Amino acid sequence: MSLHPVVSAVTDRIVTRSAATRRRYLALMARNAANGIARPRMACGNLAHGWAASGEDKARLTAGRAVNLGIVTSYNDMLSAHQPYGRYPDQMKLFAREVGATAQVAGATPAMCDGVTQGQEGMELSLFSRDVIAMSTAIALSHGMFEGTALLGICDKIVPGLLIGALRFGHLPAMLIPAGPMTSGLPNKEKQRIRQLFAEGKVDRAALQASEDASYHGPGTCTFYGTANTNQMMVEIMGLMMPDSAFVNPGTPLRQALTRAATHRLAAISAAGPEHRPLAQCVNERAIVNAAIGLLATGGSTNHAIHLPAIARAAGITIDWEDLDRLSSVVPQLIRVYPNGSADVNAFQAAGGMPTMIASLLDAGLLHDTIPTVSAGGFRDYARRAELTGEALSWRTARPSEDTAVLRDISEPFRTDGGMRLLIGNLGRGICKTSAVDDSRLVIEAPAAVFESQADVIAAFKKGALDRDVIVVVRFQGPDANGMPELHQLTPTLAVLQDRGHRVALVTDGRMSGASGKVPAAIHIGPEAQAGGPLALVQDGDPIRMDAVSGTIDVLVEAAVLAARTPAPHPPAGVGTGRELFTLMRSRIDSAERGGSAMLEEMELALDEADAAAAERESAAA
C-alpha cells in the first residue's frame with residue numbers, strides 16, 4: 001500500500017529541516033571510515049595492548065582477517081533488566097567463533113533504574129545519565145579495535161544513550177541485543193490499586209512491600225509498558241535488532257537462539273562487502289519516523305518525546321513535538337498494555353507481538369518499508385514471527401492477533417489517534433499523553449495549587465488541602481533546574497483525588513514515568529520555570545485550562561496582570577547524592593523538546609565552529 005500522505009509529509013518536513021546537519025553528519029562518518037582509528041591504521045604497540053588478553057582469539061586478531069565485534073554492556077546484577085546480560089559476552093564470543101569472527105567487551109556503561117530512584121535524590125541524575133552512557137559508549141569504541149558494535153542495554157536512559165554514543169561511530173554497523181521482559185507477576189493494575197490504598201493510609205507498608213515484590217519478582221524488564229519496553233519496541237521498529245526479539249523472556253531457549261542469530265548477523269554486516277550496513281545509513285529520517293509511529297501506535301512512554309529528538313540529533317536529524325502531534329492525528333493505537341490497559345507486555349507478545357502490529361501498520365501505509373535494517377530481508381522481515389523447532393530458529397509470516405483485548409488490527413483500533421498531543425498556550429509548549437486518560441477528562445479547568453517539589457504535593461494531600469477540583473502545578477522540575485526527575489510518585493496521590501470524583505490534572509516542566517496514565521498531565525512544559533518560563537508566574541488559585549482535545553494549555557489570567565508579576569525565585573540547586581557533580585550539565589542543557597542534553601548542545605556548537613573554520617580556510621585558499 002502507498003505511504004499515508006501525513007506520514008509522507010512529516011517525513012519530508014524532517015528531511016528538509018535536517019538537510020544541512022544530516023549532510024554534515026554523513027560526511028563526518030565517511031571521514032571516520034576513511035581516515036579514523038581502525039585496526040589496519042594502528043601501530044603495533046596499540047594493537048598489542050588491544051589483544052594481549054584475548055586468549056584463544058588472539059591468533060585470529062593478529063592475522064587481521066576476522067571481524068572483531070565490540071560489546072558495549074550495561075550489565076549489573078542489582079537491576080532485574082540488566083542482570084541477564086552477565087553471561088552474554090561469553091556466549092557471544094562462542095557464537096562469533098562459529099562464523100570465524102571474534103568479540104571483545106569494549107567497555108561498560110552505567111545503568112541506573114528510575115524505579116529504584118523514584119522520588120529520591122538520585123532521580124535528579126537520571127536524565128543526565130543518558131549523556132554519561134553516550135560518552136561511555138564513545139570511550140569504549142574510541143579504541144578502534146572493532147568492525148561492528150553490539151549494544152547490550154534495555155532500560156530507560158540506557159538504550160538512548162547507547163544509540164547516541166554508537167551513532168558518533170556510525171561508520172560501524174551496530175545492533176542492539178535485548179534481554180527481554182520478566183515473566184508475569186502480580187498484575188500491574190493490582191499493584192497500582194495497592195499503591196493508591198497506601199496513599200490513602202488504608203494499607204500498611206508491609207502490604208505495599210509485598211505487592212511491589214510480587215510485581216517485580218525476577219530477571220528482565222518490568223512487565224508494564226513503560227520507557228524500558230518502549231525502548232525495545234522502538235529499536236525493533238527501526239530495524240536495529242533481530243526481528244521479533246524485543247519481548248522474549250530471559251533464560252529461554254528462544255532468547256538464546258535469538259542472541260546467537262544476532263551475533264552471527266552482526267558479524268555478517270560488519271564484514272566488508274555487499275552486506276555491510278553502517279549504523280549511520282540505517283538510522284535515517286525514515287527510521288526515525290518509524291520509531292515515532294511505533295511510539296504512538298503502542299501508546300508508549302512520553303519520555304521518548306525527549307529521547308527520540310536526542311537520538312535523531314546524534315544522527316544529524318531534527319524532529320520536534322509538532323512532528324509527533326501530526327503523526328498522532330493519523331496513527332491509531334493498536335495495543336492496550338498497562339498503563340493503557342490491564343494486560344502486560346507478555347500478553348502483547350503472546351497475542352502476536354511486534355510482527356503482527358508491524359504487519360498491520362505496513363498494510364495501512366503507516367510505516368516506511370524501505371529503511372535499511374540489520375536483517376537480511378529488509379524491513380518486511382519484521383512482520384515475521386520468530387520460532388524454535390528443536391534447535392533451529394526460523395521466522396514465519398505474522399498471523400492476526402490472538403487476543404484482540406490486547407492487540408488489534410488497524411481496522412478496529414483501540415483509539416483512532418496515537419494518544420499524544422502537543423499543548424501550546426500562554427504557559428508554553430508541552431506534551432500530554434492521552435492514551436490512558438478517559439475522554440471525559442481530556443479537558444480540565446480548575447484552580448491552580450502551586451508547588452516546587454512532589455514531596456510538598458504529597459504533604460498537602462495528606463493534610464486534605466487538595467481534596468477538591470485542582471490543577472497541581474509542580475515547577476522548577478526541568479532539566480536546567482534539577483535534571484528533570486520523573487514525578488511518578490505523584491501518580492497514586494492524584495489518582496486518589498480523581499477517584500473521589502474531583503477534576504484533577506498535573507501541569508509541570510518535569511517528567512512523568514512511562515508507567516503514568518489515567519490522570520491528565522501536561523508535562524515537559526517549556527520554557528521551564530528555571531529558564532524564565534511562564535510557570536514561574538503562576539500563583540495559587542489562578543484558573544488553568546488544559547485542553548488535550550484542541551491542544552491548548554493556558555492560565556486564565558490577563559496578560560497585563562501576568563506581566564506585572566515577579567517570577568518566583570529559583571530554589572537552590574540540589575547537593576548531596578552526587579548531584580553537585582552534574583552542575584555543569586544543568587547549566588548548559590537545552591530544552592526538553594530538543595532532547596534535554598548538554599552534551600548534544602555543546603557538540604553542535606563545536607561542529608558549527610569546525611564548519612565555519614573550514615569555510616574560512618576554503619575562502620582564503622580561493
Side-chain angles (χ1 to χ4, degrees), residues 74-83 85 108-137 153-162 164 195 205 208-209 212-213 215-216 221-222 224 226-228 231 301-303 306-307 310 451-459 474-493 508-516 523-524 528 530 570-589 592 596-599:
S74 58
Y75 164 73
N76 64 59
D77 66 4
M78 178 189 71
L79 302 181
S80 62
H82 295 86
Q83 185 266 358
Y85 282 131
T109 77
M112 71 176 292
C113 177
D114 291 356
V116 175
T117 58
Q118 199 69 247
Q120 309 299 319
E121 291 178 348
M123 175 57 85
E124 294 186 17
L125 308 185
S126 174
L127 183 58
F128 296 141
S129 77
R130 187 190 64 195
D131 283 7
V132 174
I133 292 161
M135 289 186 283
S136 299
T137 302
I154 204 161
C155 278
D156 296 11
K157 264 48 85 215
I158 294 88
V159 169
L162 288 168
I164 291 167
R195 285 179 177 178
R205 183 181 173 89
L208 178 64
Q209 188 66 63
E212 299 290 336
D213 289 343
S215 181
Y216 308 111
T221 62
C222 310
F224 60 82
T227 311
N231 275 338
S301 169
T302 52
N303 278 322
I306 303 173
H307 295 324
F451 303 91
E452 294 176 2
S453 77
Q454 58 183 337
D456 290 343
V457 178
I458 293 169
V474 189
R475 63 191 177 194
F476 298 109
Q477 302 298 308
D480 190 8
N482 63 356
M484 211 177 191
E486 285 185 350
L487 305 177
H488 181 54
Q489 205 173 35
L490 296 178
T491 299
T493 300
T508 181
D509 48 11
R511 294 186 294 132
M512 289 296 282
S513 166
S516 303
I523 60 176
H524 309 169
E528 63 175 289
Q530 182 87 0
H570 302 174
V575 296
T577 317
R579 289 176 290 172
E580 60 276 12
L581 290 173
F582 293 81
T583 300
L584 178 62
M585 284 189 171
R586 286 199 300 269
S587 66
R588 308 293 288 226
I589 203 162
S597 172
M599 175 190 68

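Remember, it's a predicted structure, so these values are computed and weren't measured experimentally.
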Does the side chain to side chain donor-acceptor pair (under 3.5 Å) test come out yes or no for S136 and T109, once each step is laid out?
CA-CA 6 Å; S136 299; T109 77; over 6 Å; no
Counting N and O atoms only, with roles assigned by atom type, does the side chain of Y216 sit under 3.5 Å from a partner on the main chain of C222, one being a donor and the other an acceptor?
no
Given 3.5 Å as the limit, does a donor-acceptor pair link the side chain of H570 with the main chain of Q530, or not?
yes
Say whether, by atom type as modelled, one donor and one acceptor occur between the side chain of R511 and the main chain of M484 under 3.5 angstrom.
yes
Shortest non-hydrogen separation from S129 to K157 and the atoms involved
OG-CB, 3.6 Å
Looking only at heavy atoms, the pair that brings G574 and R586 closest together is O-NH2, 4.0 Å
Tell me which one of T302, N303, T221, D114 satisfies side chain to side chain donor-acceptor pair (under 3.5 Å) with T227.
N303
Parallel, tilted or perpendicular, as decided by the 30° and 60° cut-offs, for the rings of F582 and F128
parallel
Where G596 and I589 come nearest, the two heavy atoms and their spacing:
O-CD1, 3.2 Å
Spacing of S126 atom OG and Q120 atom CD [to the nearest 0.5 Å]
13.0 Å
Does a side-chain heavy-atom distance below 4.5 Å link L127 with H307?
yes
Reported CG-to-CZ distance for the pair D509 and R475, which is rounded to 0.5 angstrom:
9.5 Å
Starting at OG1 of T577, measure out to CG of L125 and round the result to the nearest 0.5 Å.
7.5 Å
Among all residues two or more places apart in sequence or in another chain, which pass the side-chain contact (heavy atoms from CB on, under 4.5 Å) test with V116?
L79, C113
Restricting to non-hydrogen atoms, name the atom on A81 and the atom on I154 that form the minimum distance, rounded to 0.1 Å.
CB-CG2, 3.3 Å
L162 versus I133: any side-chain heavy-atom pair under 4.5 Å?
yes
How would you list, by chain and number, every residue that makes a side-chain contact (heavy atoms from CB on, under 4.5 Å) with D213, sequence neighbours excluded?
Q209
What pair of heavy atoms forms the shortest contact from P110 to I158, and how long is it?
O-CG1, 4.0 Å
I'd like to check the salt bridge (Lys or Arg N to Asp or Glu O under 4.0 Å) partners of D131; sequence neighbours left out, ordered by chain and number.
none
side-chain hydrogen bond (donor to acceptor under 3.5 Å, both in side chains) partners of D480, counting only residues at least two apart
none
Rounded to the nearest 0.5 Å, what's the gap from CD on Q489 to CE on M512? Could you check?
10.5 Å
Within the distance-only criterion (no hydrogens, no angle test), does the side chain of D77 pair as donor or acceptor with the backbone N or O of Q83 below 3.5 angstrom?
no
Locate the shortest heavy-atom distance separating G122 from M112; write the atom from each residue and the value.
O-CE, 3.4 Å
Testing V457, T508, I523 for side chain to side chain contact (heavy atoms under 4.5 Å, CB included) with L487, which one passes?
T508
Could you check R130 against I306 for side chain to side chain contact (heavy atoms under 4.5 Å, CB included), going step by step and ending with a plain yes or no?
CA-CA 11 Å; R130 187 190 64 195; I306 303 173; 3.8 Å; yes
So, taking the atom named CZ in R195 and the one named CD in E212, what distance separates them when rounded to the nearest 0.5 Å?
4.0 Å
Contacts of R579 that satisfy salt bridge (Lys or Arg N to Asp or Glu O under 4.0 Å) - sequence neighbours left out
E121, E124
For D156, all residues meeting side-chain hydrogen bond (donor to acceptor under 3.5 Å, both in side chains), sequence neighbours excluded
none
